[in-house]
Amino acid sequence: QIQQMESEVYRAPLSLRTSMSVKTKELRRDLSTIKRELESLSSTSRAHRSMFDTGAAADISTLEEGQRVQVLAGTDALARTSNTLARTQRVAAENEEIGVEILGELGTQREQLQRTSGKLDDTSAELSKSRKLLNTMHRRVITNKLLLLIIIGLEIVVLLCLIYIKFIK
């Protein structure tokens, strides 16, 4: 599960990556400490068992003292392990909360991007319509200017004809 957490760290945003990385390193260190303590306790337990199995002659009070030390060491190790597990669970819960928040934010951002994309498509369509309308208006203006020039030219020709008829004839 720590490997899963580490893979999540690499997928996390940069703003959260550092804190998540520190927490996963702490968890890995706590886990290895717990494993070492567990191995130490199991080897101590095996040594005491072998002492009993071989029938070594030991003084009962020394044996009881050894058992008492072993129980105290086991109790201490169990307390440390419990504390470490509690910390690990808190960190895991915090990481899960952060992950849920990030997923929520990503979902919201996705919806915003989809709405923005839709608005951009609508704007593009409106711009295309406007461009077509402007092109049509431009053609009409040019057509009107040409017609006006033709009419002015015809009027000049008619005036010249009238002047020719009036003054020359």
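For reference, positions follow the sequence shown, starting with 1. Since the structure is predicted, the reported quantities are computational estimates derived from the model, not experimental observations.
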Just by modelled atom types, is the Leu113 backbone N or O under 3.5 Å from a matching donor or acceptor in the Ser117 side chain?
no
Salt bridge (Lys or Arg N to Asp or Glu O under 4.0 Å) contacts touching residues 103-121 (sequence neighbours left out)
none
Who are the side chain to side chain contact (heavy atoms under 4.5 Å, CB included) partners of Thr88, not counting sequence neighbours?
Leu27, Thr84
Taking the side chain as everything from C-beta on, heavy atoms only, tell me whether Thr116 gets closer than 4.5 Å to Leu120.
no
As an exercise, state the distance from OG1 of Thr108 to CG of Leu103, rounded to the nearest 0.5 Å.
10.5 Å
Arg139: partners by side chain to side chain contact (heavy atoms under 4.5 Å, CB included), with sequence neighbours left out:
Asn135, Thr136
For the pair Lys129 and Glu126, evaluate side chain to side chain contact (heavy atoms under 4.5 Å, CB included) and give the outcome as yes or no after the intermediate values.
CA-CA 5 Å; Lys129 288 179 185 178; Glu126 292 297 323; 4.0 Å; yes
Listed by chain and number, what are the salt bridge (Lys or Arg N to Asp or Glu O under 4.0 Å) partners of Glu101, not counting sequence neighbours?
none
Can you name the side-chain hydrogen bond (donor to acceptor under 3.5 Å, both in side chains) partners of Glu26, sequence neighbours left out?
none
Salt bridge (Lys or Arg N to Asp or Glu O under 4.0 Å) filter on Arg90, not counting sequence neighbours, yields none
Looking at residues at least two apart in the chain, or sitting in another chain, which of them share a side-chain hydrogen bond (donor to acceptor under 3.5 Å, both in side chains) with Thr81?
none
In the hydrophobic clustering that connects Ile, Leu, Val, Met, Phe, Trp and Tyr at side-chain heavy-atom distances below 4.5 Å, which members other than Ile151 occupy its cluster, ordered by chain and number?
none
In the hydrophobic clustering that connects Ile, Leu, Val, Met, Phe, Trp and Tyr at side-chain heavy-atom distances below 4.5 Å, which members other than Leu162 occupy its cluster, ordered by chain and number?
Val158
Hits for salt bridge (Lys or Arg N to Asp or Glu O under 4.0 Å) against Arg87, two or more places apart or cross-chain, chain-then-number order -> Asp30
Suppose clustering is done on Ile, Leu, Val, Met, Phe, Trp and Tyr with side-chain heavy atoms closer than 4.5 Å. Which residues sit in the same group as Ile142?
Leu146
Using the side chain to side chain donor-acceptor pair (under 3.5 Å) rule, collect all pairs that involve residues 141-157, keeping only residues at least two apart or in two chains.
none
